**Q** 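Quick one: this structure, given as structure tokens, is what I'll be asking you about.
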Amino acid sequence: MPNDIKTTFKTMGFCGPCTASDTAEIDVRDGRILRTRPFSYVAHQSEDGLNPWSIKARGREFKAKEKTELSPFALAYKQRVYSPNRILYPMKRVDWDPQGERNPQNRGKSKYERISWDEATDIVAAEVLRIKESYGLNSILVQSDGHHLIKTIHGPRGTEGYLLDQIALKETGVELANDFWMHGDGEGAVRTGRAKGGGYTMQARNPDSWEGWYWGAKHMWGQDPVGEGDQYNLFKDVANHAESVLFWGCDVETTPWGWGGCFPSRYCFFLTDIGVKQIYICPDANYGAVVHADKWIPVLPNTDSALQLAIAYVWIDEGLYDEQYLETHAIGFDWFVYHVKGGDDGIPKTPKWAEDVCGVPSRTIKVLARHWAKRNVSIAHCNGGSMIRSAYSHEPARLEVALLGMQALGAPGRNQVKMMEWQLFGLASQMPAPRSEVIPTLNDILWPYAADQRESFVPETLVPEALAGDFDHERPLTWYGVTCAGLPTEDQFTEYRYPVEGSERIHMVWTDAPKWTSSWNGGFAFMDAIRSEHIEFVVAQHIWMEDDCLLADLILPINTKFEERDINCDISSGNYNVLMVEDRSIEPLGESKSDYESTLEVARKLGLYEAVTGGETVEDKIRRGFVGSGIQDRLSFEEFLERGCYVVPTAKDWEGDKAGFQRFYEDPERYPLSTPSGKIEYYSPRLAKHFPDDGERPPYPHWIEKGETHPDERLSTPRAQRYPFLLVSNHPHWRLHSQMDDCAWLREIETCKVMGPDGYRYEPLWINPADAAELGIGHGDIVRVYNERGWTLGGAYVSERVMRHAVLQDHGARIDPIVVGESDRGGTNNLIAPKAVASKNCAGEVTSGYLVGVEKVDVFELAARYPEAFGRPYDPDYGVLQDAWFDLD
Ligand SMILES: Nc1nc2c(c(=O)[nH]1)N[C@H]1C(S)=C(S)[C@@H](COP(=O)(O)OP(=O)(O)OC[C@H]3O[C@@H](n4cnc5c(=O)[nH]c(N)nc54)[C@H](O)[C@@H]3O)O[C@H]1N2
Ligand SMILES: Nc1nc2c(c(=O)[nH]1)N[C@H]1C(S)=C(S)[C@@H](COP(=O)(O)OP(=O)(O)OC[C@H]3O[C@@H](n4cnc5c(=O)[nH]c(N)nc54)[C@H](O)[C@@H]3O)O[C@H]1N2
Ligand SMILES: [Mo]
């Protein structure tokens, strides 16, 4: 490398702390990022070597790569570092005056003016103290925990909450936060501790990635914390034993990009080479399907339960399941048979019945059922597909366990395999790829700042209500479960409430992950809520001018990970694990600071700097991180700094690891599941006891056509005459939720955006040619996507890749409000997602598989009607420019 080039290591996967991935080598010249290269394991290995792994199957070999397999996001990210939308200075809304009029109704409309860090931190500190005096600290809602290019010390993970706890601590002397969720102590470790409230109200993350598994599957097979299957060594098992894999709501050419890189793509090409059939079941021929599928079975959005029940019907009818296994490994199977046969609801779940509901021809259902019963079949997911984030998402999740159980779950080649997140939460049981000698962790330095579970919290799904509603102690907002995938199943039987005893309602929001409008349910409802007069102050920390920043009163400019020095561990790339120092690549742009540093600036004003740093410098924290990482005995800290990284070799005995549920399969008495009976519970006595009257999530899995929570989100309802399509709202192929939407290198790709006649790049809306023809919509036309909750726009992408009666628009496109709270130009469809949760006792998000209408629009007519919104400064390569909001001259 020429010596004017400096190289730093950076992990480039998103997800959250301690699950980093996609390590890259970043070359810098003259203070600018020059290029992003894959990290070479081979070049950076230590004397301990790599012990390269290889999976041999059916005469072929699948081996560890010598370098990381970077995703397109990792390669394109440097452009985002220099995006014209980078927020470089603290900004204050022009018509928000802490001493006078606050104009909450203008959030989302007003412009911003530049102020200094000194002024900005004075304001935040003063507002915190004012709120504390007037209402108590629990009136501050802290929103944290978004996905980001993972930072350990510097990241957006609620450091501001830690600061608020320090204020409370100073006054009361009571230690507040400190026992956190699962991490750590050996395989399968789950911590149950919970931080006490006192310093603030936390916006609790939903088990968003796992809603269905969490609310449903856990009641059948246990599997705390998230409810997905055991993953030990499954890539080897599938390669050796599976004959077919059902990619059921799974896109290996999209979602692995966000978390791990391109390893799963390579694995699936290998499966093709060795003759493992890949069957994709999803409403759209997604990117993985068009590359890898031997067969695509289109199913209508969120009707999988019907298809699953019909498969069970065929197996029961034709005696094609493992009765003996069920006798020793399951309880309550009779109840399930009773429902399949229609004993309880009078509807035998025949393939003919299912055909009308789910759109899969009855003959295809029968062929699939017989194919499955006669072969070793595994089911592949990245996280589950959007049906596990739809109304009644617990049902398809439970039914999947029911089907796997009928075919002897855990037998060779018969498991649920994840195509990403190799080491979720650092648990070896969550790792389908060959195991590494150590899973490094940085929990010791991370978690004090990330109190995820508190007494005073509101789940993401319920925040709009908490912001807008007038809840008091006589009439609290209540729900079951802490709704963050951290606690054992029993937590779902605990009722929680807001406000907690003795607390007032929320009056201030402090966010370091402002993405409600683009990533959560009921987006327009949230916009209305946050514009209420009760909410006196909203402060956002953000890198780019996008998402909920538009609703903030004060914005603090945050930098990217390239601008700071940190420590990180890559445990999710699939090849090897790496612990590394992430040196600063470039100087911070403008006046930006890291999330940690920006909290420290406020802490300084409150006299709490030392309390928040714990007396440590960043360098001290890096050292402490190393010492607690699990790698500390292999080399000295000085040696580690000198090398910059340590690559962990593959475990010597990894080939001997039992695969997935193999132990349970072989000996259920010795290796029981974590359900109360230790077996697969087709009937859950626990659900029956705690929720005897819940018809929406009865004790055994069901087809739920409608219920009191969602009376009319199916094609069968009269409401479907007005809104005749089921919207599929997947994780975006060309974004990570709301991130990367301003990246020119991605936006110019044909499937990323549809160029409108007005020069605006619209978010694609996939529609089947037959449906498009009926509506007079042509490829490239601009369309309105609507329901009674509001509307957004899209660019018609007319294609057979989406089935009839379904339309597809990825989620997360950047909001570009037309009328605040009503309409949007950006294609931000979460704005019109239901506000209602998954079901009565399950506060899960519902963000896909709901009804919308679609119609062609004339954008010039709209521009004439909404001149301000359509006249914002705009660059098709980056989207709306920050000049639309910022007055920097
Ligand atoms: N329609 C639909 N909606 C969904 C889903 C779906 O399938 N369909 N899936 C759901 C799922 S599984 C998830 S996980 C959620 C994801 O929802 P979120 O995690 O809420 O989504 P992100 O867009 O990743 O939000 C992160 C925000 O933080 C910002 N950010 C990035 N880096 C930094 C940083 O260093 N500092 C600060 N201060 N900010 C930073 C980003 O720009 C972005 O605004 O979405 C859910 N919503
Ligand atoms: N590129 C990219 N990668 C990401 C993310 C991202 O935003 N972008 N997000 C990350 C996060 S937070 C998570 S949780 C994971 C999510 O990973 P997943 O849960 O696997 O992702 P989804 O996009 O929700 O769903 C995957 C596929 O399910 C299918 N599908 C949609 N609806 C239905 C349905 O009703 N029935 C059936 N059978 N199939 C359906 C679609 O074909 C879709 O491509 O991805 C992670 N990786
Ligand atoms: Mo997620």
Side-chain angles (χ1 to χ4, degrees), residues 13-16 71-73 80 143-151 154-157 205-211 247-260 280-289 297-304 307 358 381-390 393 396 418-421 460 511-516 518-521 523 540-544 546-549 556 558-561 594-595 598 726-741 802 806 808-812 814 829-830 833 845-850:
F14 294 78
C15 203
S71 79
F73 300 149
R80 188 149 158 79
Q143 179 191 45
S144 63
D145 192 28
H147 296 304
H148 55 108
L149 279 198
I150 298 167
K151 306 164 177 173
H154 289 286
R157 196 70 178 179
R205 188 168 202 110
N206 267 70
D208 49 16
S209 313
W210 316 290
E211 302 285 8
F247 289 75
W248 203 312
C250 179
D251 184 353
V252 293
E253 296 299 338
T254 293
T255 47
W257 289 5
W259 285 178
Y280 274 66
I281 303 174
C282 36
D284 52 324
N286 63 30
Y287 295 83
I297 300 178
V299 59
L300 281 167
N302 198 25
T303 63
D304 298 81
L307 172 59
C358 72
H381 297 296
C382 288
N383 254 336
S386 298
M387 75 271 191
I388 59 105
R389 295 179 207 98
S390 297
S393 52
K418 272 182 79 107
M419 288 289 158
M420 61 172 204
E421 281 183 4
E460 305 248 14
T511 169
D512 68 21
K515 37 49 212 248
W516 194 287
S518 48
S519 288
W520 288 95
N521 55 321
Q541 301 170 192
H542 213 280
I543 308 178
W544 306 274
E546 58 188 22
D547 298 336
D548 303 355
C549 282
L556 302 176
I558 302 302
N559 56 24
T560 66
K561 71 184 300 179
S594 76
D595 290 279
S598 75
L726 286 164
L727 178 71
V728 183
S729 181
N730 291 334
H731 288 234
H733 187 65
W734 298 116
R735 281 188 302 274
L736 190 291
H737 307 292
S738 61
Q739 303 181 61
M740 307 298 289
D741 205 18
V802 64
L808 179 151
Q809 188 176 51
D810 282 348
H811 101 95
R814 213 172 125 200
N829 53 62
N830 282 51
E845 69 169 49
V846 176
T847 48
S848 195
Y850 58 88

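This is a predicted model, so every value here is computed, not measured. One-based numbering, in listed order, for ligands and for the atoms of each. Just so you know, residue 1 is the first one in the sequence shown, and it goes up from there.
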**Q** Going by the atom numbers of ligand 2, which of them fall below 4.0 Å from some non-hydrogen atom of V728?
**A** 31 (C), 32 (N)
**Q** Between the candidates H147, E211, H731, which shows the shortest non-hydrogen contact distance to atom 13 (C) of ligand 2?
**A** H731
**Q** Quick one: which ligand 2 atoms are inside 4.0 Å of a heavy atom on N302?
**A**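 Per the distance check, 34 (C), 35 (O).
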**Q** W248 heavy atoms, cut-off 4.0 Å: which ligand 2 atoms fall inside?
**A** 38 (N)
**Q** Using the six-membered ring wherever Trp is involved, compare the ring planes of H731 and H737 and label them parallel, tilted or perpendicular (cut-offs 30° and 60°).
**A**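 Perpendicular.
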**Q** Contact between S729 and T847 at the side-chain level, heavy atoms closer than 4.5 Å - yes or no?
**A** no
**Q** Is the closest side-chain heavy-atom distance between D284 and N730 below 4.5 Å?
**A** yes
**Q** Any side-chain heavy-atom pair from M387 and S393 closer than 4.5 angstrom?
**A**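 Contact flag for M387/S393 side chains = no.
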**Q** For ligand 1, which atoms sit closer than 4.0 Å to a heavy atom of K151?
**A**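 Result: 34 (C), 35 (O).
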**Q** Could you tell me whether R735 and E546 have a side-chain N and a carboxylate O separated by less than 4.0 Å?
**A** no
**Q** Check contact between H811 and ligand 2, using heavy atoms of the residue and a distance below 4.0 angstrom.
**A**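 Heavy atoms of H811 never come under 4.0 Å of ligand 2.
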**Q** Please state which part of S519 comes within less than 4.0 Å of ligand 1, counting heavy atoms only: side chain, backbone, both or neither.
**A** both
**Q** Could you report the tightest heavy-atom contact between P256 and E253, atom names first, then the distance?
**A** CD-N, 4.5 Å
**Q** If we only count heavy atoms from C-beta on, is the S594 to K151 side-chain gap below 4.5 Å?
**A**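 Contact flag for S594/K151 side chains = no.
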**Q** With atom 3 (N) of ligand 2 as the reference point, say which of T255, D304, L726 has the nearest heavy atom.
**A** T255
**Q** Number the atoms of ligand 2 from 1 as they appear, then name those within less than 4.0 Å of a heavy atom of H737, with their elements.
**A** 6 (C), 7 (O), 9 (N), 10 (C), 11 (C), 12 (S)
**Q** At under 4.0 Å between heavy atoms, which part of D547 makes contact with ligand 1: side chain, backbone, both or neither?
**A**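 The answer is the side chain.
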**Q** Tell me the protein heavy atom at minimum distance from atom 39 (N) of ligand 1, and give that distance in Å.
**A**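 Checking every protein heavy atom, the shortest distance to atom 39 (N) of ligand 1 gives D512 O, 3.4 Å.
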**Q** Heavy-atom pairs closer than 4.0 Å: do any link ligand 2 to the side chain of T254, the backbone, both, or neither?
**A**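 Answer for T254: both.
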**Q** What atoms in ligand 2 come closer than 4.0 Å to a heavy atom of V299?
**A** 38 (N)
**Q** Applying a heavy-atom cut-off of 4.0 Å, say which part of F14 lies close to ligand 1: side chain, backbone, both or neither.
**A** neither
**Q** Heavy-atom distance to atom 27 (C) of ligand 2: which of P256, S729, G249 wins?
**A**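 Comparing heavy atoms across P256, S729, G249, the nearest one to atom 27 (C) of ligand 2 lies in G249.
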**Q** Take every heavy atom of H154, measure it against each atom of ligand 1, and state whether any distance is under 4.0 Å.
**A** no
**Q** At under 4.0 Å between heavy atoms, which part of H381 makes contact with ligand 2: side chain, backbone, both or neither?
**A**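 Neither part.
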**Q** For atom 40 (C) of ligand 2, which candidate among P301, G385, S848, P283 provides the closest heavy atom?
**A** P283
**Q** Given side chain to side chain donor-acceptor pair (under 3.5 Å), test D595 with Q541 step by step and report yes or no.
**A** CA-CA 7 Å; D595 290 279; Q541 301 170 192; 2.7 Å; yes
**Q** Rounded to the nearest 0.5 Å, what's the gap from OG on S738 to NE2 on H811? Could you check?
**A**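 Atom-to-atom, S738:OG and H811:NE2 are 8.0 Å apart.
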**Q** Heavy atoms only: which of T560, N730, N830, I543 lies closest to atom 33 (C) of ligand 1?
**A**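 Looking at heavy atoms only, the winner is I543.
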**Q** Are H147 and W259 close enough that their ring centers fall under 6.0 Å?
**A**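 Ring centres of W259 and H147 closer than 6.0 Å.
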**Q** State, yes or no, whether a side-chain contact exists between L149 and T560 at a heavy-atom distance under 4.5 Å.
**A** no
**Q** Starting at CG of L556, measure out to OG of S598 and round the result to the nearest 0.5 Å.
**A**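 Reported value, rounded in 0.5 Å steps: 5.5 Å.
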**Q** Does only the side chain of K561 get under 4.0 Å from ligand 1, or the backbone, or both, or neither? Count heavy atoms.
**A**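 No part of K561 comes within reach of ligand 1.
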**Q** With a cut-off of 4.0 Å, which atoms of ligand 1 are near a heavy atom of W520?
**A**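 In order of numbering, the contacting atoms are 20 (O).
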**Q** Among Q143, M740, Q739, M387, which one puts a heavy atom closest to atom 41 (C) of ligand 1?
**A**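 The nearest heavy atom belongs to Q739.
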**Q** For atom 28 (O) of ligand 1, which protein heavy atom lies nearest, and how many Å away is it?
**A**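 Scanning the protein heavy atoms, the shortest distance from atom 28 (O) of ligand 1 goes to A513 CA, 3.9 Å.
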**Q** Give the atom numbers and elements of ligand 1 that come within less than 4.0 Å of a heavy atom of H148.
**A**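 Close to H148: 31 (C), 32 (N), 33 (C).
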**Q** At a non-hydrogen distance cut-off of under 4.0 Å, which region of K515 contacts ligand 1 (side chain, backbone, both, or neither)?
**A**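 Looking at K515 and ligand 1, just side chain atoms fall under 4.0 Å.
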**Q** Angle between ring planes, H542 versus W544, binned at 30° and 60°: parallel, tilted or perpendicular?
**A** perpendicular
**Q** Measuring only between side-chain heavy atoms, which start at C-beta, is N383 closer than 4.5 Å to W210?
**A**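 N383 reaches W210 side chain to side chain.
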**Q** If you measure every N or O of F73 against every N or O of ligand 2, does any of those distances drop under 3.5 Å?
**A** no
**Q** Is the backbone N or O of S386 less than 3.5 Å from a side-chain atom of S390, with the two atoms forming a donor-acceptor pair by type?
**A**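 At least one qualifying donor-acceptor pair exists.
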**Q** Regarding ligand 1, does R205 bring an N or O atom to under 3.5 Å of one of the ligand's N or O atoms?
**A**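 By distance alone, the answer is yes.
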**Q** Determine whether N206 and E845 satisfy the following criterion, side chain to side chain donor-acceptor pair (under 3.5 Å), listing intermediate values before the conclusion.
**A** CA-CA 7 Å; N206 267 70; E845 69 169 49; over 6 Å; no
**Q** If you measure from each heavy atom of M419 to ligand 2, is any distance below 4.0 Å?
**A**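 Not so, M419 does not reach ligand 2.
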**Q** Is G849 close enough to touch ligand 2? Criterion: a residue heavy atom under 4.0 Å from a ligand atom.
**A** no
**Q** Can you list the atoms of ligand 1 that are under 4.0 Å from a heavy atom of S738?
**A**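 Listed by number with element, the hits are 22 (P), 23 (O), 43 (C), 44 (O).
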**Q** Take every heavy atom of P732, measure it against each atom of ligand 2, and state whether any distance is under 4.0 Å.
**A**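 Flag set, P732 near ligand 2.
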**Q** Is N383 touching ligand 2 with its side chain, its backbone, both, or neither, if touching means heavy atoms under 4.0 Å apart?
**A** both
**Q** Identify, by atom number and element, the atoms of ligand 2 in contact range of M420, meaning under 4.0 Å from any of its heavy atoms.
**A**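 Listed by number with element, the hits are 15 (C), 45 (O), 46 (C).
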**Q** Of the side chain and backbone of D595, name the one, both, or neither that has a heavy atom under 4.0 Å from an atom of ligand 1.
**A**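 It is the side chain that gets close, since no backbone atom is under 4.0 Å.
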**Q** Show me which atoms of ligand 1 lie under 4.0 Å from any heavy atom of E546.
**A**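 Taking each heavy atom of E546 in turn, ligand 1 has 42 (O) under 4.0 Å.
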**Q** Return yes when R735 approaches ligand 1 closer than 4.0 angstrom through a heavy atom, no otherwise.
**A** no
**Q** Using a 4.0 Å cut-off to any heavy atom of I281, which atoms of ligand 2 qualify?
**A** 37 (C), 38 (N), 39 (N)
**Q** Taking the side chain as C-beta and beyond, is there a heavy-atom pair between L727 and N829 under 4.5 Å?
**A**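 L727 reaches N829 side chain to side chain.
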**Q** Give the atoms of ligand 2, by number and element, whose distance to some non-hydrogen atom of D284 is under 4.0 Å.
**A** 41 (C), 42 (O), 44 (O)
**Q** State whether the shortest distance between N or O atoms of T303 and N or O atoms of ligand 2 falls below 3.5 angstrom.
**A** no
**Q** Any nitrogen or oxygen of S209 lying under 3.5 Å from a nitrogen or oxygen in ligand 2? Just yes or no.
**A** no
**Q** Got a second to check how far Q143's CD is from E460's CD, nearest 0.5 Å?
**A** 6.5 Å
**Q** Side-chain contact, heavy-atom cut-off 4.5 Å: W257 with H733?
**A** yes
**Q** Check whether any side-chain N or O of N830 sits under 3.5 Å from a backbone N or O of S519 as a donor-acceptor pair, and report yes or no.
**A**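 Yes, the answer is positive, given that a donor and an acceptor are paired below the 3.5 Å cut-off.
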**Q** Could you establish whether Y280 and ligand 2 come within less than 4.0 Å of each other, counting only heavy atoms on the residue side?
**A**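 Outside the 4.0 Å threshold, so no.
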